[in-house]
Amino acid sequence: MAAKCGLFLFNAEVHVMDDAILTYDELKDISGFKTASRICEWLTLNKIPHLTNGRGRPLVSRVVIRTALGESQNPQNFRAERSINRDKLNQVSRRQ
């Protein structure tokens with residue numbers, strides 16, 4: 001049975017070989033929640049598009065989360081700068 005979370009449905013387990021997708025630990029840190037279902041709720045509440053893997057864990061692109069946190073969409077910035085805009089993260093977290 002497929003796992004459903006937020007806006008999308010995804011059936012297969014995904015093994016990411018590069019850093020294009022946030023790790024589960026990074027998602028826990030950003031959202032402030034430990035469980036996949038609560039992280040998915042937080043992503044949906046903050047209108048951050050995401051998928052889920054076969055275990056129901058959310059998958060979020062680094063580009064998507066950076067855009068949601070207010071960083072520039074210029075691809076050169078993504079290569080040169082690999083930090084999270086903590087001020088924007090705190091703003092988004094307070095909206096709950």
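Along the sequence shown, residues carry numbers from 1.
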- Message: For a 4.5 angstrom cut-off between non-hydrogen side-chain atoms, does Glu71 reach Ile65?
- Response: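 A side-chain contact under 4.5 Å is absent here.
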- Task: Check Tyr24 against Thr35 and note the closest heavy-atom contact, atom names and distance.
- Result: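 In terms of heavy atoms, the two residues are closest at OH-C, 3.4 Å.
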- Query: Of the non-hydrogen atoms in Gly56 and Cys40, which two are nearest, and what is the gap between them?
  - Reply: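 Looking at all heavy atoms of both residues, the shortest contact is O-SG, 4.3 Å.
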- Message: If we check side chain to side chain contact (heavy atoms under 4.5 Å, CB included) with His50, which of these qualifies: Leu22, Val64, Val60, Leu27?
- Response: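 Passing option: Val60.
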- Query: Can you tell me how far CD1 of Ile21 sits from CZ of Arg62, rounded to the nearest 0.5 angstrom?
  - Reply: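 Between Arg62 CZ and Ile21 CD1, I get 9.5 Å after rounding to 0.5 Å.
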- Message: Rounded to the nearest 0.5 Å, what separates atom CZ in Arg38 from atom NZ in Lys28?
- Response: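 Answer rounded to 0.5 Å: 15.0 Å.
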- Message: Among residues at least two apart in sequence or on other chains, which ones pass side-chain hydrogen bond (donor to acceptor under 3.5 Å, both in side chains) with Ser61?
- Response: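 In terms of side-chain hydrogen bond (donor to acceptor under 3.5 Å, both in side chains), with neighbours along the sequence ignored, Ser61 is linked to no residue.
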- Message: I'd like to know if the side chain of Asn46 reaches the main chain of Ile48, judged simply by a donor and an acceptor atom lying under 3.5 Å from each other, with no hydrogens or angles considered.
- Response: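 Between the backbone of Ile48 and the side chain of Asn46 there is no qualifying donor-acceptor contact (under 3.5 Å).
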